[in-house]
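Below is one structure, written out as structure tokens, with a few remarks after it.
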Amino acid sequence: MEKKVRVRFAPSPTGGLHLGGVRTALFNYLFAKKHNGTFILRVEDTDQTRFVAGAEEYIASCLAWCGIHPDESPELGGEFGPYRQSERKPGYRKYAEQLIADGYAYYAFDTPEELDAKRKEIPNFLYGQASRMGMRNSLTLSEAEVAALLAQNMPHVVRIKMPEDENVSFVDMIRGHVSFDTNLVDDKVLLKADGMPTYHLAVVADDRAMQISHIFRGEEWLPSAPIHILLWRYLGWGDEMPKWAHLPLILKPDGNGKLSKRDGDRLGFPVYAQSWTDPKTGDTTKGFRELGFMPEAFVNLLAMLGWNDGTDKEIFTLPELIESFSIERVSKAGAKFDFEKAKWYNHEWIKLTAAENLLAVVKEEYAAEGMVLNDDNYTLKVIDLIKDRCNLLTDFVTQSKYFFTAPAEYDLPAVKGKWSPEKATFFTAYLNGLEDNQSAPELEEKFKSLAAEHNLKPGELMLPFRIMLVGGKFGPGVFDIAFALGVAETKKRISSALAAFE
RNA sequence: GGCCCGUUCGUCUACCGGUUAGGACGCCAGAUUUUCAUUCUGGAAAUAGGGGUUCGAUUCCCCUACGGGCUACCA
């Protein structure tokens, strides 16, 4: 009988949620849903010095926007709570002490200053195998000395005692067989002087407590995998160990290296899912959401960064991703982030989405510009007319503003030089001949026949007409615009433009 | 430096021993659009190098090169 699938996304609430983090959450979520399992959000807030107000709520909000809904979380609770590590503090010390009692860990009294000095003195200092007997810890001090130091509340940490000459290996679901020489892994701190566990202890203790079956995390965790594996064994849970998978990293588009927020700032694209305002500096970093990405597109493009279903299919809904996801098809190599392709995904999604489903967000975009759109039927028509030309949701306003408000200024250079009294006469005649309820083809027909009567080429008149209605050289078919605007508004725009073109 | 992981068009990737090495983004050209975008058609563009294994390697193994990650009382 297979173990029930339970996976978790365990971010540290220290700031904006990076797209790599969202992808890790997404792959966890997809795997869970694919296998009728449980997706858990656990907050790893063991570093009190890095606590950032609001970060936890922000992370939950980013995931919700993406449609990644946890089954258990700090907000929701669940039978394995609490889901915030700071609230699980009392439990960790017990494990640390159990490890010491069993000879798998030890107390260390070295001060941060002593360690710094050591690192300066010895270039490749590694607190472990070779050096631990030269440090101040319960391995070198007598039992009485240790007891005395403990009794007087001397600050100390607990370190894992890496075994000698062992090889720790495991099968990574993505990478296959991976192995480490324990002589080269250091005695990582398990419990900090403030009594909080480090990631290493907390992650193992909580994954066990929450009955996590599979661990999907970024490749940056690969080097600490042997510590975690040993901890599972040392704590006596070796046969309950989850399966591991280390996801490839998302790299910066130029050069190499992990994608960071700074790269986004430098290259001009978002890195965070949603805008994040640093509570200390007040600086806001824009996110994909605020830049006009649809959550469906964001999730889609993230899924395709390091995964594919083996076919040429590139556009996936979340349910489709769940259906076709498999961890075996995740690639091993890191992927450079390509913002151009990201925009393409968004464009595809905008084209794919019905106007009715775009209505609310378009109205929001306008509201942000201080404009209230209250004729939904009209707005829907406008959306259908322009959505194919929008890469980002924020493009809707620039692409359609003239449907809601007459152009404030005209691209005069576009008509200038070619403008003539004859053309003005033509437009006056066209304006006077406009009748209610004429369809776009009828408007066009009328326009062309009238042009012929005036001995003018329609081609020379359409651009000026466009400038009259739109203000610039863009937008859908000019008669479609005129039809959508309605006869009264079209007339108004022609006459105001005629005055401006003089 | 040490350890670990990786390496197919510029980018994301497919082909899990036998293909003219396929698709997508971007780019270029043409068509459509009497604007711009969309759309359509076509094009240039890749198996890092060297050894093995094999009848046959992009595919399996080794070495080299290159890239990345980790190397905190951060996660």
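All values reported here derive from a predicted model rather than from experimental measurement.
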- [ ] Let me have a per-nucleotide readout for nucleotides 65-75 of chain B, 5' to 3', with B, S or -, counting only protein heavy atoms under 4.0 Å.
- [x] --SSBS-SBBB
Task: Annotated protein contacts, base or backbone, on nucleotides 21-33 of chain B with a non-hydrogen cut-off under 4.0 Å, one of B, S, - each - done: --SBB--------
Open item on the list: Less than 4.0 angstrom between a side-chain N/O of A/S179 and OP1 or OP2 of B/C4, yes or no?
Closed with: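 It does not, given that no N or O in the side chain of A/S179 lies less than 4.0 Å from OP1 or OP2 of B/C4.
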TODO: Could you tell me whether the phosphate oxygens of B/G1, OP1 or OP2, come under 4.0 Å of any side-chain nitrogen or oxygen in A/N124?
DONE: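 The answer is no; no side-chain N or O of A/N124 sits under 4.0 Å from OP1 or OP2.
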Task: Distance, P atom - from B/C62 to B/U53, rounded to whole angstrom - done: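 After rounding to an integer number of Å, I get 15 Å for this pair.
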Task: Interatomic distance at C1', B/G22 relative to B/U58, whole Å - done: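 Between the two C1' atoms, the distance is 13 Å.
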Open item on the list: Once side-chain hydrogen bond (donor to acceptor under 3.5 Å, both in side chains) is applied, do any residues pair with A/D47, and if so which ones, sequence neighbours excluded?
Closed with: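 Expected list: A/T49.
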- [ ] With sequence neighbours left out, write down each residue that passes side-chain hydrogen bond (donor to acceptor under 3.5 Å, both in side chains) with A/E220, or none if nothing qualifies.
- [x]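 Partners of A/E220 under the side-chain hydrogen bond (donor to acceptor under 3.5 Å, both in side chains) test: none.
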Check side-chain contact (heavy atoms from CB on, under 4.5 Å) between [X] and all other residues, then give those that pass, not counting sequence neighbours.
{"X": "A/K332", "answer": "A/I174, A/R175"}
{"X": "A/K423", "answer": "A/K418, A/W419, A/S420, A/L456, A/E460, A/L461"}
{"X": "A/E340", "answer": "A/D338, A/K343"}

Open item on the list: Using a 4.0 Å heavy-atom cut-off, does A/G475 contact any base of the nucleic acid, only the sugar-phosphate backbone, or nothing at all?
Closed with: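 The answer is base, as A/G475 lies within the cut-off (heavy atoms under 4.0 Å) of a base atom.
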- [ ] Tell me, with the steps shown, if A/D263 and A/S260 meet side chain to side chain donor-acceptor pair (under 3.5 Å).
- [x] CA-CA 5 Å; A/D263 299 311; A/S260 75; 3.2 Å; yes
Task: Any residue meeting salt bridge (charged side-chain N to carboxylate O under 4.0 Å, His left out) with A/D187, in chain and number order, not counting sequence neighbours - done: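 Checked A/D187 against salt bridge (charged side-chain N to carboxylate O under 4.0 Å, His left out); matches are A/R132.
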TODO: Could I get the full list of salt bridge (charged side-chain N to carboxylate O under 4.0 Å, His left out) partners for A/E87, not counting sequence neighbours?
DONE: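 With neighbours one apart ignored, the set is A/R84.
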Open item on the list: Within the supplied structure, the quantity of interest is the number of heavy atoms (other residues, nucleotides, ligands) at a distance under 6.0 Å from A/E323 CD; does it exceed 12?
Closed with: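 For A/E323, atom CD is not crowded (no more than 12 foreign heavy atoms under 6.0 Å).
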- [ ] Using a cut-off of 6.0 Å, state whether more than 12 heavy atoms not belonging to A/F483 lie near its atom CZ.
- [x]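 Atom CZ in A/F483 is not packed in, count stays at 12 or less.
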Distance-only donor-acceptor hits, side chain of residues 15-29 of chain A, under 3.5 Å, sequence neighbours excluded:
unit_1: A/H18; atom_1: ND1; unit_2: A/G20; atom_2: N; d: 2.8
unit_1: A/H18; atom_1: NE2; unit_2: A/L259; atom_2: O; d: 2.7
unit_1: A/R23; atom_1: NH1; unit_2: A/L305; atom_2: O; d: 2.5
unit_1: A/R23; atom_1: NH2; unit_2: A/P248; atom_2: O; d: 2.2
unit_1: A/T24; atom_1: OG1; unit_2: A/G20; atom_2: O; d: 3.0
unit_1: A/N28; atom_1: ND2; unit_2: A/T24; atom_2: O; d: 2.9
unit_1: A/N28; atom_1: ND2; unit_2: A/F216; atom_2: O; d: 3.1

Task: Presence of salt bridge, A/K118 and A/E114, under 4.0 angstrom - done: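 Result for this pair is no, no salt bridge flagged.
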TODO: Could you tell me the separation between the CD1 atom of A/I227 and the C1' atom of B/C4, rounded to a whole number of Å?
DONE: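 For the pair A/I227 CD1 and B/C4 C1', the rounded distance is 12 Å.
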- [ ] Select one nucleotide: of B/U34, B/C5, B/U13, the one nearest the side-chain heavy atoms of A/M462.
- [x]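 Closest nucleotide to the A/M462 side chain: B/U34.
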For nucleotides 60-63 of chain B, give me every protein contact, N/O to N/O, under 3.5 Å, one pair per line with atom names.
none

Give every pair of a protein N or O atom and an N or O atom of nucleotides 47-49 of chain B that lie under 3.5 Å apart, one pair per line with the distance.
none

